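Note sheet for the following structure.
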Protein chains: 2
Amino acid sequence: MLVPMVRVNTRDEILRVAAEQFAHTGYKGTSLQDIAAEVGCSKATLLYHFASKDAILAELTAPAASELAELVAALEPLDDDAAQAAAIEGFVDLVLRHRREAALVYSGIPKFITEPAFAGLLPHTEALCAAFAGRSAAVAACVAAEVVLTGIVTVVIDTDRDAAELRAALIGVARRALLSPSDSPHDKD
Amino acid sequence: MLVPMVRVNTRDEILRVAAEQFAHTGYKGTSLQDIAAEVGCSKATLLYHFASKDAILAELTAPAASELAELVAALEPLDDDAAQAAAIEGFVDLVLRHRREAALVYSGIPKFITEPAFAGLLPHTEALCAAFAGRSAAVAACVAAEVVLTGIVTVVIDTDRDAAELRAALIGVARRALLSPSDSPHDKD
DNA sequence: TCAGAGACTGGCCGATCGGTCAGAAAGTGG
DNA sequence: CCACTTTCTGACCGATCGGCCAGTCTCTGA
């Protein structure tokens, strides 16, 4: 046989394990030692394949980041309503494709998103948030957009629900949440 | 003067600074050194006032945790609709009272909530989530509840919006998001 | 056969982590 | 004045962190 059978590709395996560990224990909470142990190699091997721990994170989040950039670009020419609808479906699908990586970016730590690995990502999330808000600057619309955006990302990470079912539920809640506040239900009190 | 003027209460100051740092950089991302430097005392002083770093976290989150327990208890006797309404308002107010601490609990790391400092907190968040979902076990309802719960907590942490305005916006988006999926808007595609 | 390349590792580095401890400094009551 | 408590600190601890490096494998092509 031409390919070693015990491990097809150490580099990919490192990425896979790192994605799991980062998502579960956090970036700072995961050590290279932890990843190496799970992969079944030495810590030095990690740093042979990757320049640094940060480099692992960067490569891990790169695909999701570029897909986000594409989504935002595709949204731009659309009118407000169409952009909102496309943003909801596009983002839900994107997040479901990259559950762990997406959750990593929004790990609840404001500082985190400003790290070098995520440089240039912030404008895209802001554009997406604006699309969610129907490009309104109203506080209610912006807050709703932020709740939906962060809520979706946080939820998908450790749920074991079926993807199709999850997708439908996420799109549903996003549509409802992002309805114009004037269409809001029983606005008593 | 009877009280030293440069610092009223070192212990309280430590808690205040720790709350800021934890919320901004994360629990694991904040060292005792960092906190001590900001407070203006030595690291040993932190550990004179608190048994450990975990103890700081525990004391920091204790008030919010007990208030959550009270809220959940108050919800229990209510019928489904009333419980949902009360849960929304009660939780939004609770989170606004404890912005940084609440965000700390939901720091995006699944592992985190299982830490000793938060022992016994999980059942309460689950009960609250159930109330959000109108005590329905349907996937759509549960997912919506989770999105709202985590979204709210994540949003409040680093926004500088006015509390009253934020409160109205959060309650609004929560009500909309938690509408029964059957009342959902334009369910095309 | 052997030189070279790629994959990998043990051992080590300085830095920093949370935490301990003996003791200094500053008040307080007798 | 002294004994005592409270508050605080510098020095230090073992462990672990991310990262580095010399060297060891295995495979491959000339």
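A, B, ... follow the sequence lines: proteins, then strands. Residue 1 opens every chain. The structure presented is a predicted model; accordingly, all values stated were derived computationally and were not measured.
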Any idea which of dT9(D), dC8(D), dC17(C) is nearest the S31(B) side chain?
-> dC17(C)

Interatomic distance where CZ belongs to F50(B) and C1' belongs to dT20(C) [whole Å] | 18 Å

Taken to the nearest whole Å, NZ/K28(A) to C1'/dG18(D) is 13 Å

Should H49(B) be listed as having a side-chain N or O under 4.0 Å from OP1 or OP2 of dT6(D)?
-> no

Could you tell me the separation between the NZ atom of K53(B) and the C1' atom of dT16(C), rounded to a whole number of Å?
-> 12 Å

Among dC8(D), dG19(D), dT9(D), which nucleotide sits nearest the side chain of A44(B)?
-> dT9(D)

Go through dG10(C), dG6(C), dG19(D) for me and flag the one nearest to the Y48(A) side chain.
-> dG6(C)

Quick one: does K43(A) reach the base of dG18(D) with a side-chain donor-acceptor pair under 3.5 Å?
-> yes

Which atom pair, heavy atoms only, marks the closest approach of A23(A) to I157(A)?
-> O-CD1, 3.2 Å

Side chains of E59(B) and R11(B) in contact at under 4.5 Å (non-hydrogen atoms) | yes

Rounded to the Å, how far apart are Q33(A) CD and dC17(C) P?
-> 18 Å

Among V148(A), L170(A), I88(A), whose side chain to side chain contact (heavy atoms under 4.5 Å, CB included) with R175(A) holds?
-> I88(A)

Contact under 4.0 Å: T45(B) side-chain N or O vs dC8(D) OP1/OP2 | no

L32(B), nearest nucleotide to its side chain (from dG19(C), dA7(C), dT9(D)) | dG19(C)

Given atom CG of N9(A) and atom P of dC8(C), what is their separation to the nearest angstrom?
-> 9 Å

Rounding to a whole Å, what distance do you find between L57(A):CG and dG18(D):P?
-> 12 Å

Axial cation check for F22(B) ring with K53(B), 6.0 Å and 45° limits | no

Given dC8(D), dT9(D), dG10(C), the nucleotide with the shortest approach to the side chain of C41(B) | dT9(D)

Do Y48(B) and I56(B) share a hydrophobic cluster, counting only Ile, Leu, Val, Met, Phe, Trp and Tyr and linking them when any side-chain heavy atoms are less than 4.5 Å apart?
-> no

Using whole Å, report how far CG of D34(B) lies from P of dC17(C).
-> 6 Å

Separation of dC17(D) P from L46(A) CG (nearest whole Å) | 12 Å

Out of dC20(D), dG10(C), dT9(D), minimum distance to the side chain of L47(A) belongs to dC20(D)

